[in-house]
J.: 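I have a structure I would like to understand better, so I am pasting it below and will then ask my questions one at a time.
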Amino acid sequence: MLRLYDTATATVRPLDLRTEGKVAMYVCGPTVYDRAHLGHGRMALVFDVLRRYLLFSGLEVNFVSNVTDVDDKIIERAAAEGRTEVDVAAQFEATWWEDADALGVLRPDEAPHATAYVERMVEFIEELVRRGVAYETSDGVYLDVGQVRGYGLLARQSLESLRAGARVELAEDKRSPLDFVLWKKAKPGEPTWASPWGPGRPGWHTECVVMSLDLLGDGFDLHGGGLDLAFPHHENERAQAVALGHPFARHWVHNGWVMVEGQKMSKSLQNFTTLRDLIERADARAFRLLVLGAHYRSPIEVTPETMEQSGAALSRLDALARRFSLHSPLEDAGFVVKGVGPAAQADPASVERFCDAMDDDLDTPAARAMIFELVTRANELADEGRSEEGRAVAATVNVLCAVLGLALRGSDDDVLDPEIAALVAERDRARARRDWASADEIRRRLSESGWVVEDSPEGTRIRHR
RNA sequence: GGCGGCGUGGCCGAGUGGUUGAGGCAGGGGCCUGCAAAGCCCCGUACGGCGGUUCGAUUCCGCCCGCCGCCUCCA
């Protein structure tokens, strides 16, 4: 059984499901006002791996991840560029899905939009006001956090110490600096929705409570996101649920940062690399492999050097796929389930070892390490001429990589240019008559065209560099 | 000020109270190969500093130094 670190209790504990065999999870998605960066990418990958592992374990997973399409930054950008908010949000939502697809991240089962939930949010806020936990001010409606039992759970701090460190200005009629906005009254030119407090828009923290409870129900299993969301975003979501007596998430999972020269990658520091840049420059699978190499809660440095190292490691995996003509099960199915279909080819003892690692708070570094040990083993067996045994081990590698969302690529010569194919055939003829000079000359030419040439028992084999 | 995290070999990055230092990358040597590529084998006197606990600490405790994060929008 999977044991996961839970931010609320600061302990690693067994995943305790609301309904046996079913996992309802909610992961906070992006605010679509700009291109996603590597930090968003890591978040998407971490939860994609968690989801895939739960599926592999035979659980039924309902994965919900929202899109925040109403927000100050979207409004600012729209104003700056003379566009509508809807237009800005649509553009960056589209790029978000493109990037996620490129990373091999499975699409959520549901991806609710804040703008589609405003009415329900208004009802939710009304209920909070009715119960006296929220109050109206000149510029909006706020939640009185002092009335929420256990506020500070996710920050792991008391209300008093949070108050002491608060850096927010205390607005005129706001009761406490920690009170957060549920409804923002509109300023001129802003997009609005009707409410009992006049035209305005919902605050960020309300959408996720309302949408998660609506789509997954009270006491859903797992709520996740980047560590920076633990406080105040998730704390505030929870506060609203608690204030209305809704059991909220049973587990809180947060991933660590992507670092840049020792500092957190963020928009405000301007030290970010967009996912698009990375995907254009490198194999997206190398990024996944890099993310898998560190524990999900540890910080990771993503630099051209670490990406290059990860790319080299990936090419070793691809080389194995080439050697054994492996076909990734991900090419046919989006994910794999233990013992089912192609996954049944995996060696049970190795799968057990793999699961032991993954069950331990998603220890992907250990899982990755054992996969590489299997790679060596498979090659070793093949070198000894025990190819069937080697093939079995390689098949296991293929399946375990697929569990982690990594599709191994055995070859990329499926659409071979006729001219290139002719060169390959010519080289085989030259080699057959032991005309090494010609064979080497052809290899040189292929190499100039970006191909790596390898001799194999089946003849010349080429692949892209 | 409050709360939390980190400091491991050339690089990335795990981990553990104890004879033999995950895994990957890079590097050196060897085997294989017509030559390569791929692969395999061998090679590394690591755990920020100072104390303490212990038969024994990189791993536990204390202090110190350095770095980072959250307490404001943020994956």
Side-chain angles (χ1 to χ4, degrees), chain A residues 10 27-31 33 36-47 71-73 152 154-158 160-169 177-178 180 204 224-233 235 254-259 262-269 272 289-290 292-295 297-303 305-320 322-323 357 363-373 375-384 390 431 434-437 439-440 443 447 452-456 460-463:
Chain A
V27 176
C28 285
T31 297
Y33 71 100
H37 61 60
L38 267 28
H40 301 96
R42 182 185 192 189
M43 178 276 293
L45 287 169
V46 163
F47 288 99
D71 170 84
D72 290 357
K73 289 182 177 144
L154 295 170
R156 299 199 65 72
Q157 286 202 70
S158 67
E160 295 69 46
S161 75
L162 282 167
R163 270 207 184 104
R167 288 177 286 172
V168 272
E169 293 288 310
L178 293 175
F180 59 91
W204 180 41
L227 191 52
D228 45 2
L229 296 191
F231 191 94
H233 184 56
E235 186 81 53
H254 296 101
N255 66 275
W257 313 122
V258 167
M259 309 294 284
Q263 285 197 310
K264 174 188 168 188
M265 175 175 287
S266 71
K267 294 276 188 185
S268 48
L269 288 169
F272 61 91
L289 194 58
L290 178 60
L292 291 170
H295 185 84
R297 288 188 282 116
S298 299
I300 50 168
E301 281 281 349
V302 180
T303 64
E305 291 71 32
T306 61
M307 275 299 295
E308 194 182 323
Q309 292 179 2
S310 188
L314 175 66
S315 72
R316 222 181 127 207
L317 256 17
D318 280 342
L320 186 82
R322 226 181 303 130
R323 183 172 194 174
D363 191 351
T364 58
R368 195 188 109 135
M370 74 148 285
I371 286 173
F372 276 101
E373 284 171 8
V375 170
T376 299
R377 183 64 188 147
N379 279 314
E380 193 179 21
L381 285 165
D383 284 354
E384 287 170 12
R431 291 193 71 235
R434 307 179 69 79
D435 177 1
W436 310 127
D440 290 352
R443 177 166 63 195
S447 173
V452 176
V453 178
E454 288 181 13
D455 297 335
S456 80
T460 296
R461 193 180 250 176
I462 61 172
R463 68 175 204 273

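Just so we're on the same page: letters track the sequence lines, and every chain starts at 1. All values derive from a computational prediction rather than experimental measurement.
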J.: Starting at atom CD of Glu301(A), determine the distance to atom P of U8(B), rounded to an integer number of angstrom.
T.: 12 Å
J.: So do the side chains of Arg42(A) and Val302(A) get within less than 4.5 Å of each other, counting heavy atoms only?
T.: no
J.: When all nucleic acid strands are considered with a 4.0 Å heavy-atom cut-off, which category describes Gly311(A): base, sugar-phosphate, or nothing?
T.: nothing
J.: At 4.0 Å (heavy atoms only), tell me whether Val27(A) reaches a base, stays on the sugar-phosphate, or touches nothing.
T.: nothing
J.: How is Arg323(A) classified with respect to the nucleic acid when contacts are heavy atoms under 4.0 Å: base, sugar-phosphate, or nothing?
T.: sugar-phosphate
J.: Counting a pair only when it is Watson-Crick or G-U and both distances are under 3.5 Å, which runs of at least 3 such pairs involve RNA chain B?
T.: B:1-7 with B:65-71, B:10-12 with B:23-25, B:27-31 with B:39-43, B:48-52 with B:60-64
J.: Would you indicate, yes or no, if A14(B) has its OP1 or OP2 atom less than 4.0 angstrom from a side-chain nitrogen or oxygen of Ser298(A)?
T.: yes
J.: For Asn379(A) and G24(B), what is the distance between atoms CG and P respectively, to the nearest whole Å?
T.: 12 Å
J.: I'd like to check the salt bridge (Lys or Arg N to Asp or Glu O under 4.0 Å) partners of Glu308(A); sequence neighbours left out, ordered by chain and number.
T.: none
J.: Looking just at side-chain N and O atoms, do Arg316(A) and Thr376(A) make a donor-acceptor pair shorter than 3.5 Å?
T.: yes
J.: Over all strands shown, is Lys264(A) touching base, sugar-phosphate only, or nothing at heavy-atom distances under 4.0 angstrom?
T.: base
J.: Return the value, rounded to whole Å, for the distance between atom CD of Glu305(A) and atom P of G13(B).
T.: 12 Å
